[in-house]
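Because only heavy atoms are used, hydrogens play no part in the values below, and waters and symmetry mates are left out as well, while side chains stay in.
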There are 2 protein chains.
Amino acid sequence: MRDSVTILQEHGIQPSAQRVAVADYVLKTVEHPSADLVWTRVKARVPYISRATVYNTLNLFVEKGLLRALALAEDSVVFDPNVDRHHHLVDESGAIHDIPWDKVQVCNIETLKGFEIHDYQVVMRGVRKSARRKS
Amino acid sequence: MRDSVTILQEHGIQPSAQRVAVADYVLKTVEHPSADLVWTRVKARVPYISRATVYNTLNLFVEKGLLRALALAEDSVVFDPNVDRHHHLVDESGAIHDIPWDKVQVCNIETLKGFEIHDYQVVMRGVRKSARRKS
DNA sequence: ATCCACATTTAGACTTAGTCTAACCACCCA
DNA sequence: TGGGTGGTTAGACTAAGTCTAAATGTGGAT
Ligand SMILES: [Mn+2]
Ligand SMILES: [Mn+2]
Ligand SMILES: [Zn+2]
Ligand SMILES: [Zn+2]
């Protein structure tokens, strides 16, 4: 994994202590966390960080292309460090799983008359089958 | 269009004046309205209806299968009287358009290992091209 | 090393979507 | 006529997110 400081600098972001702490967590996670979950996670290592800074930082990262904000569930937006095209499966438990772009194909998108499609993804609802039986 | 009173009765819902007023709008609209937009629209005909009743009614309709609640954009859930499978295009303007189920195909969903998919749709972002040029 | 302009952070007020509560109303039937 | 039940209501409450204005930190010029 690349150094958070370097990544921020490459994107024209001053690597303050707070921003680096947020980046260390949110750019590597697979949790698709809400802003408040990011706050909780980051506070574990930087207890003095404020809620406003977490929101500021997440919005800045989205603006600079380091994160995507996703509206997949009611109640809160969720952040995704995977900015490449991919699909999502929203587990009944609330967890969100990435589905690689090439695992499913969407056909005839380009033939849709009357619309100019800038972006798309398949959003699935379901459950993750328990990986192999536990016993 | 079927009678709202009949539809409610068939779904085991007492057709009170307020519920019928909400149904008259929300079961026929193509706007994908938020709860507060429903309130605005219904108040035009039934000015004394309360916000709580609108929320209660929409949640009841969802529970009874008359409506779907969709989390497609940040800021609010929207309601959709089209409960058959279909896709959505979220216009940059904020408008949401239905895309018929058979206009695009999603392949290999059933071959996804480790997940049990209960439901899915394609969510597109883009713009509606001005229907023919205006002049 | 010091200074300063500017960027960053901060607490807490504010806004808005949505839920909850407890009183109130309307209808049905004894 | 008096409950009992349903439905409705205003307004309190919660929670996600933004905004403000003050405090603090920082890098570069001197
Ligand atoms: Mn909410
Ligand atoms: Mn909000
Ligand atoms: Zn993802
Ligand atoms: Zn729809």
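Base orientation of dG7(D): anti (glycosidic angle beyond 90° from 0).
Within 4.0 Å (heavy atoms only), Ser16(B) reaches sugar-phosphate atoms of the nucleic acid but no base atom.
Residue Thr53(B) has no polar side-chain atom (N or O) positioned under 4.0 Å from OP1 or OP2 of dT8(D). OP1 or OP2 of dT9(D) has at least one side-chain nitrogen or oxygen of Gln18(B) nearer than 4.0 Å.
Distance Phe61(B) CZ to dG7(D) C1': 13 Å, rounded to the nearest Å. Separating the NZ atom of Lys43(B) from the P atom of dT9(D) is a distance of 12 Å, rounded to the nearest angstrom. Atoms CD (Glu74(A)) and C1' (dT14(D)) sit 16 Å apart, rounded to a whole Å. Rounded to whole Å, atom P of dT18(D) lies 13 Å from atom CG of Leu60(A). The CH2 atom of Trp39(B) sits 13 Å away from the C1' atom of dG18(C) (whole-angstrom rounding). The interatomic distance linking Leu8(A) (CG) with dT26(D) (C1') rounds to 16 Å, in whole Å. As a whole-Å value, the separation of Tyr48(A) OH from dT8(C) P is 16 Å. Distance Glu63(A) CD to dT8(C) C1': 15 Å, rounded to the nearest Å.
Under the Watson-Crick or G-U wobble criterion, with both distances below 3.5 Å, dC27(C) is paired with dG4(D). dT18(D) is paired with dA13(C) under the Watson-Crick or G-U wobble criterion, all donor-acceptor distances under 3.5 Å.
Not counting sequence neighbours, the partners of His32(A) by the ring pair (Phe, Tyr, Trp, His ring centres under 6.0 Å) test are His88(A).
Taking all atoms of both residues into account, the shortest heavy-atom contact from Trp39(A) to Ser50(A) is NE1-C, 3.6 Å.
In this model, a donor atom of one side chain and an acceptor atom of the other lie less than 3.5 Å apart for Ser93(B) and Asp91(B). For the residue pair His11(B)/Gln9(B), the side-chain donor-acceptor check at 3.5 Å is not satisfied.
Both Asn56(B) and Tyr55(A) lie near DNA chain D, and the one whose nearest nucleotide falls closer to the 5' end is Asn56(B). When the nearest nucleotides of DNA chain D are assigned to Ile13(B) and Asp36(A) by heavy-atom distance, the more 5′-ward of the two goes with Ile13(B). Each of Val54(A) and Arg51(A) has a nearest nucleotide on DNA chain C; the 5'-most of these lies closest to Val54(A).
When the nucleotides dG11(D), dA11(C), dT9(C) are ranked by their closest atom to the side chain of Ala52(A), dA11(C) comes out on top. The side chain of Arg19(A) lies closest to dT9(C), out of dT9(C), dT8(D), dA16(D). Counting only heavy atoms from C-beta on, Ser76(A) has its side chain closest to dG17(D) among dG18(C), dG17(D), dT10(C). Proximity note for Gln14(B) (side chain, C-beta onward) versus dG17(D), dG6(D), dC20(C): the nearest is dG6(D). In the set dT9(D), dT18(D), dA11(C), the nucleotide with an atom closest to the side chain of Asn59(A) is dT18(D).
Contact annotation: the side chain of Ile49(B) approaches that of Lys43(B) to within less than 4.5 Å [non-hydrogen atoms, C-beta and beyond].
Contact check on Glu116(A) versus Arg128(B) returns no salt bridge, with no Lys/Arg side-chain nitrogen under 4.0 Å from an Asp/Glu carboxylate oxygen.
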